Amino acid sequence: MAASLPLPPLPRSPSSAAARVLIVDDSVVARAVMARLIDASAQFTVVGAVANAGAALKFLRSAEVDFILLDIEMPGVDGLTALPDLIAAGQGAKILIVSSSADEGGAAAVQALALGAAETLVKPGASGMSGRFATALVEKLERLCEAPAAIVPTRASGLRSARNVTASLEPLCGRGAADQGRSVAAGDAYDIVAIGASTGGIHALSQLLRELPATFQLPILITQHLPASFMPYFAAQLTVLSGRPCDVATDRLRIRPGRLFIAPGDAHMTCVRLSDGGAAIRLRQGVVSSGCLPSVDPMLGSVAQVFGARALAIMLSGMGRDGAEGARQVHDAGGSVVAQDQTTSVVWGMPGAVVSSGVAAAILPPRRSGGSSRRSVVHDGRVSVARAEHADHGPVILTGPGGLPGDDRRADRAAGSADGAADRGLSLLAPRYSAQAAVA
């Protein structure tokens with residue numbers, strides 16, 4: 001087994017401006033080349049380079065890092081097996097899978113993202129570890145350093161300008177939803193859920209879908225920024241995670257209850273109303289303001305038009321601002337918008353943009369206060385949302401059963417808890433399905 005480079009695990013220096021990187025790769029050549037490429041950037045510094053997962057865990061017991069570059073194929077414990085423990089030990093470090101096994105669209109790449117990796121990059125042979133690979137490596141690290149959107153207090157437009165939305169929370173095992181406010185949608189029900197995600201979103205999406213009860217029958221539309229080659233395996237994985245069928249969207253596909261629909265990697269997924277009262281998917285091409293393909297904005301915009309106040313939009317981790325415009329349309333149509341919180345987001349670009357625009361009804365799953373029990377936005381199959389009495393109330397921060405607060409998450413990870421890694425996603429149980437307004 002190759003020896004680790006003699007880089008001591010120095011504690012984090014508060015004055016250090018460069019992001020700290022740990023390399024985990026059994027190839028001494030790969031470690032040396034990647035260390036040289038990274039150190040050439042003033043934005044990053046390699047503080048450790050080790051040959052296996054065990055050495056990485058030992059390193060992380062005495063040092064903190066911002067990024068971990070992780071190979072998959074290693075002797076002993078492979079990278080995918082070690083990933084949950086490394087997430088826990090990393091105490092918030094973002095993990096970039098750099099492996100020859102992480103080919104685009106492959107099972108290993110999607111599995112790594114679902115387990116909590118922030119990004120993947122195919123590692124070439126020793127002779128190819130320069131030029132294009134060097135540029136891609138540094139660019140991915142730079143993108144993962146994207147600063148979150150500044151949160152500027154805003155007043156919502158229309159009816160909500162006088163009453164911002166806050167949530168009425170009850171313990172998951174409590175005695176009924178609070179009754180002090182009106183529901184956000186008639187009948188305390190939605191007819192569709194639309195989810196947007198990008199970098200870091202697959203892991204959060206996996207955790208969210210695992211929490212859906214078997215009785216949940218709302219159709220779910222998902223736009224995740226992934227190339228088209230990823231989609232067949234991604235759909236198969238979501239089927240297993242959610243326990244319900246998942247389709248890669250095709251044009252004119254009818255939207256049916258109890259199914260997931262994911263945007264293909266080469267078209268925007270939108271929906272239209274059918275003459276019989278149902279709804280169907282339409283795929284569209286063309287440039288959108290975010291520059292993304294597929295883009296979250298067209299999906300949310302069409303959902304707002306078709307479902308209005310009975311639409312629930314969820315924005316998960318991702319860089320950029322894609323989805324902010326569509327979320328505004330959902331909000332203005334009377335629907336509800338939920339954003340992932342900054343602590344659990346790999347990149348708080350997309351959800352941060354939604355929060356800063358003032359349209360988020362809730363931010364999930366942020367903190368617990370004191371020793372109170374974890375709370376859910378859902379009780380007894382319904383989402384209970386009340387309107388605040390004052391316009392300057394911000395969006396409510398909710399705690400889901402799958403979320404840990406920042407301080408507790410750091411403590412759990414420092415203790416090496418793999419559960420802390422699994423808990424980074426959202427836990428949003430479903431609202432009650434409305435049969436009367438269902439898409440047949």
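Each residue takes its place number in the sequence, starting with 1. Since the structure is predicted, the reported quantities are computational estimates derived from the model, not experimental observations. For the numbers below, each heavy atom of this structure counts, side chains included, while hydrogens, waters and symmetry mates do not.
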List in chain and number order the residues that pass side-chain hydrogen bond (donor to acceptor under 3.5 Å, both in side chains) with [X], two or more places apart in sequence or in another chain; answer none if no residue qualifies.
X      : result
Thr250 : none
Ser242 : none
Ser289 : Glu325
Ser198 : His225

Can you measure from [atom1] ([X]) to [atom2] ([Y]) and round to the nearest 0.5 angstrom?
X      : Y      : atom1 : atom2 : value
Leu241 : Thr239 : CG    : OG1   : 9.0 Å
Ile38  : Arg20  : CD1   : CZ    : 13.5 Å
Arg254 : Ile281 : CZ    : CD1   : 12.0 Å
Ser99  : Leu121 : OG    : CG    : 10.0 Å
Lys94  : Leu69  : NZ    : CG    : 13.5 Å
Glu64  : Phe59  : CD    : CZ    : 11.0 Å

* To do: Decide whether a cation-pi geometry holds between Arg273 and Phe307; the criteria are a distance under 6.0 Å from NZ or CZ to the six-membered ring centre and an angle within 45° of the ring axis.
  => yes
Residue pairs fulfilling salt bridge (charged side-chain N to carboxylate O under 4.0 Å, His left out) with at least one residue in [range], sequence neighbours excluded:
range            : value
residues 219-234 : none
residues 229-249 : Asp247-Arg259
residues 119-128 : Asp25-Lys123, Asp71-Lys123, Glu119-Lys140
residues 278-295 : Asp251-Arg282

Flag the pair [X] / [Y] as yes when at least one side-chain heavy-atom distance between them is below 4.5 Å, and no otherwise.
X      : Y      : value
Tyr190 : Leu218 : yes
His203 : Leu113 : no
Leu260 : Leu209 : yes
Val288 : Pro298 : yes
Leu144 : Phe67  : yes

Go through the structure and list residues passing side-chain contact (heavy atoms from CB on, under 4.5 Å) with [X], not counting sequence neighbours.
X      : value
Gln43  : Ser41, Glu142, Cys145
Thr81  : Val77, Asp78
Ala134 : Leu37

* To do: Could you list the residues that satisfy salt bridge (Lys or Arg N to Asp or Glu O under 4.0 Å) with Asp39, not counting sequence neighbours?
  => none
* Apply side-chain hydrogen bond (donor to acceptor under 3.5 Å, both in side chains) to the pair Ser295 and Asp322, showing each step before the final yes or no. => CA-CA 7 Å; Ser295 171; Asp322 186 28; 2.7 Å; yes
